[in-house]
Amino acid sequence: DGGITQSPKYLFRKEGQNVTLSCEQNLNHDAMYWYRQDPGQGLRLIYYSQIVNDFQKGDIAEGYSVSREKKESFPLTVTSAQKNPTAFYLCASSINRQNTEAFFGQGTRLTVV
Amino acid sequence: AQKVTQAQTEISVVEKEDVTLDCVYETRDTTYYLFWYKQPPSGELVFLIRRNSFDEQNEISGRYSWNFQKSTSSFNFTITASQVVDSAVYFCALTPRGRGSTLGRLYFGRGTQLTVWP
């Protein structure tokens with residue numbers, strides 16, 4: 001089945017550690033996005049990529065990094081510089097930058113312990 | 001600047017009641033898309049509808065209907081005869097399409113938690 005796969009579903013991290021969240025899509029979409037969701041705050045854009053080997057910062061990029069070496073993959077690294085990383089992270093993709101419809105993964109819940 | 005406001009944080013209704021979720025948006029772009037997404041407890045966002053800014057026709061899909069009014073910058077969502085399975089968080093979102101805007105990115109409201117009681 002076509003779709004977006006995020007892994008793992010739950011992730012625990014110790015303070016000071018980097019951790020990478022996986023996002024893979026087999027929809028042949030050009031554009032991919034990472035959003036962060038906090039209770040009562042909706043979704044905020046972290047990074048986005050419109051094409052392979054290119055990505056742009058969103059509204060809350062500090063403390064995060066991404067790569068887009070392959071069309072189907074857009075991993076997000078939460079670094080130790082991110083002050084408050086505990087959140088729900090959602091990956092999305094759309095056919096192209098026109099984004100007539102974005103498809104979302106099931107999310108990764110990251111908890112810092 | 002792009003902004004989406006969902007003033008209703010939480011709504012509770014009893015099964016079979018009708019319920020309307022409000023969405024007000026702000027954008028300087030003359031062309032844009034508006035969306036509604038549903039987020040069940042599992043967490044995944046489920047696409048419900050996309051509306052082009054040029055198309056103000058209201059839409060009905062089964063028990064769901066949407067009222068787009070450009071004059072008031074609103075895109076409200078009504079569920080008729082609500083059911084327990086409708087319980088979820090609902091997000092309204094905007095994608096600007098004007099020149100110079102970041103094409104493709106979604107601007108979300110804070111969401112409305114809908115609880116339907118049996």
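Chain letters run A, B, ... following the sequence lines, proteins first and then strands; every chain starts at 1. For the numbers below, each heavy atom of this structure counts, side chains included, while hydrogens, waters and symmetry mates do not.
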The interface call for B:T9 against chain A, heavy-atom contacts under 4.5 Å, is neither
Hey, any chance B:F35 and A:W34 share a hydrophobic cluster, counting ILVMFWY side chains that come within less than 4.5 Å of each other, even indirectly?
no
Should A:Y64 and A:Y48 be counted in the same cluster of Ile, Leu, Val, Met, Phe, Trp and Tyr side chains packed under 4.5 Å apart?
no
Same cluster or not: A:L110 versus A:Y33, using hydrophobic residues (I, L, V, M, F, W, Y) connected whenever any side-chain heavy atoms lie under 4.5 Å apart?
no
Does B:Y90 share a hydrophobic cluster with B:V4, counting links as ILVMFWY side-chain heavy atoms below 4.5 Å and allowing steps through other members?
yes
Would you indicate whether A:K57, at its atom NZ, is surrounded by more than 12 heavy atoms from other residues, nucleotides or ligands within a distance under 6.0 Å?
no
Given ring-ring contact (aromatic ring centres under 6.0 Å, His included), test B:F108 with A:Y35 step by step and report yes or no.
CA-CA 10 Å; B:F108 285 88; A:Y35 291 90; 5.5 Å; yes
Say whether, by atom type as modelled, one donor and one acceptor occur between the side chain of B:Y37 and the main chain of A:A102 under 3.5 angstrom.
yes
In this structure, are over 12 heavy atoms from other groups packed under 6.0 Å from B:Q83 atom CD?
yes
Would you kindly confirm whether B:W117 and B:L114 end up in one hydrophobic cluster when ILVMFWY residues are joined by side chain heavy atoms under 4.5 Å apart?
no
Let me confirm one number: the CZ-CD distance from B:R110 to A:Q37, rounded to the nearest 0.5 Å.
12.5 Å
dist B:E44:CD -> A:F104:CZ (nearest 0.5 Å) comes out at 10.0 Å
Between the CG atom in B:L106 and the CG atom in A:L45, the distance rounded to the nearest 0.5 Å is 8.5 Å
Can you tell which part of B:Q39 gets under 4.5 Å to a heavy atom of chain A, answering side chain, backbone, both or neither?
side chain
Under 4.5 Å, heavy atom to heavy atom, which residues of residues 76-91 of chain A contact chain B?
A:F88, A:L90
Return a table of donor-acceptor pairs under 3.5 angstrom between the side chains of residues 20-27 of chain B and protein atoms on other chains or two or more places apart.
unit_1, atom_1, unit_2, atom_2, d
B:T20, OG1, B:T78, OG1, 2.8
B:Y25, OH, B:Y32, OH, 2.6
B:T27, OG1, B:Q2, OE1, 2.6
B:T27, OG1, B:D29, N, 3.1

